[in-house]
Amino acid sequence: MSVRPVPRSAVERIDPWRLRIRAFDPSMRSEGRIYASEGLWPAIRDDGSLSQVVDVAGLPGIVGPSIAMPDAHQGYGFPIGGVAATSERDGVVSPGGVGFDINCGVRLLSSGLSAPEVRARLDPLLAAVARRVPVGFDAARDRSVSGHAMDDLLAQGAAWAVRAGWGRAEDLDRIEDRGTFSTADPAMVSARARERGRDQVGTLGSGNHFVEVQAVEAVDDPDAARAMGLVEGGVAVLLHTGSRGLGHQVCTDQLVLMQQAMRRYGIRVADRQLACAPVASEEGRAYLGAMGAAANYAWANRQVLTHLIGEAFLEVFGPLADLSVVYDVAHNIARIERHRVDGRPVPLCVHRKGATRAFPAGHPDLPIGVRALGQPVFIPGSMGTASWVLLGTERALDETWGSVCHGAGRTLSRTAARRGRSAADVLADLAARGVTVHAGSRKGLSEEAPESYKDVDLVVGTVVGAGLALPVARLVPMGVIKG
DNA sequence: ATGTAC
């Protein structure tokens with residue numbers, strides 16, 4: 001783990017939203033850049049993520065700065081809330097730049113219902129969702145996927161789910177990469193990973209994963225909101241989950257292979273958690289193939305969950321409910337993308353770890369359902385607090401390879417959070433704020449207490465202030481299902 | 001994040 005001290009003199013504030021870490025050490029191949037307002041800076045300055053930004057700046061073939069978003073906190077090798085691009089030709093790819101929960105991401109659904117209508121039947125609705133969606137350690141044995149079906153799922157992602165009867169074909173027009181990571185290679189996914197994934201398709205998991213029923217509290221951009229099916233006083237559903245045990249096992253498997261590759265290629269990095277291999281090497285391609293297959297698992301998972309949530313709404317509200325996919329973003333992923341470097345388009349391996357792609361309107365990589373609008377970005381707050389809908393900008397494309405933050409960001413570790421608050425206490429607080437919680441475990445409630453996170457409004461204020469995203473709407477929770 | 005530890 002990184003313990004490198006970062007001298008105060010190496011850090012300078014550029015403007016109210018940006019700081020720069022100059023290359024103060026010969027190991028740094030580029031600068032660091034941190035997006036943080038005055039108020040958010042101390043949490044990053046005093047956290048292990050600061051030295052991780054410096055470590056990542058030393059990765060072979062890094063192009064542009066090592067970036068930390070305002071929700072940054074310490075992760076495995078890379079900070080969570082980190083963005084780094086490497087040259088496809090002579091740079092490396094690092095599993096630590098994606099994280100263990102490959103294609104952890106969020107999907108927003110519009111409902112066509114109003115907040116008073118939903119509030120009147122919130123308990124039966126949450127019960128109907130909870131009956132269909134396994135949480136925590138619960139599996140989905142009735143949906144067991146193995147053998148050739150698993151190969152298809154790993155190759156096709158959300159498209160597999162639609163073909164299997166989960167949701168609508170038009171949903172695919174509103175998912176990053178249309179829900180299919182095109183260079184996925186199921187052959188790179190181990191038997192153990194497949195076994196772990198077999199009974200977890202259409203399950204939520206635990207930790208910060210959730211299904212949240214939200215009211216649209218305020219709209220900043222009515223036209224963009226309307227194009228997303230969001231109106232003030234309306235109801236949306238935010239779904240946050242990833243690739244479950246399968247993605248975790250893929251990351252574990254690939255880290256072992258990367259450690260061997262490092263020795264073979266003679267690559268040296270500041271921290272063994274930054275294990276990596278050349279993007280263009282056999283090992284680099286194997287990682288991206290396995291990671292892509294796990295990404296597809298996550299997209300299939302969110303697609304199946306969408307269908308299950310839709311069934312619950314239908315049971316409670318009948319044909320009044322019209323659940324539609326607004327968009328689905330991956331916030332833990334690495335991908336080869338073409339970006340302008342010194343005026344020329346160059347293929348880069350963009351690592352986004354706890355960071356959301358935020359491409360502007362008209363970008364050719366956006367699926368047709370949102371291309372004219374620009375990429376919707378969803379920033380969940382902590383449990384019981386607000387979430388934001390944003391749009392990507394040209395400035396983000398220029399400065400951060402088209403990326404912004406992914407959430408509020410932890411300020412307390414899970415263990416510290418557990419010491420801080422009892423589950424009953426957290427539950428009572430949320431009830432007092434008018435938020436109903438169905439929780440799978442007491443431990444999860446303590447870990448996810450809002451005090452363990454930064455203020456999401458300040459985090460969003462920084463990326464909006466910096467011009468990386470445009471605000472569209474602020475959503476507040478009514479009911480939440482936690483793992 | 002994770003059959004929360006090979």
Side-chain angles (χ1 to χ4, degrees), chain A residues 1 48-49 52 71-82 94-107 134-141 144-146 189-201 203-211 239-257 259-260 272-273 290-291 294-295 297-299 301-302 305 329-334 351-356 380 382-383 406-410 412-419 423 439-448 452-453 481-483:
Chain A
M1 199 162 69
S49 52
Q52 291 187 321
D71 53 342
H73 54 108
Q74 190 175 344
Y76 182 90
F78 281 58
I80 295 161
S94 174
V98 173
F100 279 82
D101 191 1
I102 294 165
N103 191 5
C104 185
V106 279
R107 176 181 290 208
V135 302
F137 289 107
D138 291 344
R141 277 179 238 297
S144 200
V145 177
S146 57
V189 177
S190 68
R192 194 174 181 193
R194 288 157 183 263
E195 174 63 27
R196 287 181 68 173
R198 192 171 69 169
D199 295 336
Q200 293 185 328
V201 179
T203 67
L204 191 63
S206 51
N208 61 4
H209 291 165
F210 60 78
V211 180
L239 166 61
H240 180 205
T241 186
S243 51
R244 311 286 286 103
L246 182 138
H248 191 277
Q249 190 63 46
V250 163
C251 183
T252 303
D253 293 341
Q254 292 292 324
L255 280 168
V256 174
L257 299 174
Q259 295 289 358
Q260 297 162 359
R272 59 177 282 124
Q273 293 186 352
M291 184 218 71
Y297 186 95
W299 273 316
N301 188 29
R302 293 198 286 275
L305 285 165
V329 300
H331 59 217
N332 280 3
I333 203 160
H351 301 73
R352 294 189 185 89
K353 182 193 197 175
T356 311
S382 51
M383 181 173 59
H406 85 307
R410 279 195 165 277
L412 289 181
S413 71
R414 291 177 191 283
T415 33
R418 280 207 296 275
R419 281 195 292 270
S441 79
R442 298 170 54 79
K443 192 177 79 171
L445 274 174
S446 292
E447 288 180 356
E448 298 302 316
S452 314
Y453 283 85
I481 291 173
K482 294 283 303 176

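In what follows, every chain begins at residue 1, and chains take the letters A, B, ... in the order their sequences are listed. The structure displayed is predicted, hence computed values, not measured ones.
- Rounded to whole Å, atom C1' of dT2(B) lies 16 Å from atom CD of E195(A).
- Nucleic acid contact class of G99(A) (heavy atoms, under 4.0 Å, all strands): none.
- The side chain of S206(A) contributes no N or O atom lying less than 4.0 Å from OP1 or OP2 of dT4(B).
- Not counting sequence neighbours, the partners of R414(A) by the side-chain contact (heavy atoms from CB on, under 4.5 Å) test are R410(A), R418(A), E447(A), E448(A).
- By the side-chain hydrogen bond (donor to acceptor under 3.5 Å, both in side chains) test, R198(A) pairs with no residue at all, sequence neighbours left out.
- At a threshold of 4.5 Å between non-hydrogen side-chain atoms, the residues L445(A) and M383(A) count as touching.
- Put simply, OH on Y76(A) is 17 Å from P on dT2(B), counting in whole angstrom units.
- Counting non-hydrogen atoms under 4.0 angstrom, G245(A) reaches the backbone sugars and phosphates but no base.
- Close to dG3(B), at under 4.0 Å from its OP1 or OP2, lies a side-chain N or O of Q200(A).
- In this structure, D101(A) atom CG and dT2(B) atom P are separated by 6 Å, rounded to whole Å.
- Taking atom CZ of R196(A) as the reference point, atom P of dA5(B) lies 12 Å away to the nearest angstrom.
- When the P atom of dA5(B) is taken as reference, atom CD of Q249(A) falls 14 Å away, rounded to whole Å.
- Atoms CG (L255(A)) and P (dC6(B)) sit 13 Å apart, rounded to a whole Å.
- Regarding D253(A), its CG atom lies at a distance of 13 Å from the P atom of dG3(B), rounded to whole Å.
- The CZ atom of R244(A) sits 12 Å away from the P atom of dT4(B) (whole-angstrom rounding).
- Looking at heavy atoms from C-beta onward, H209(A) lies in side-chain contact with D101(A) at the 4.5 angstrom threshold.
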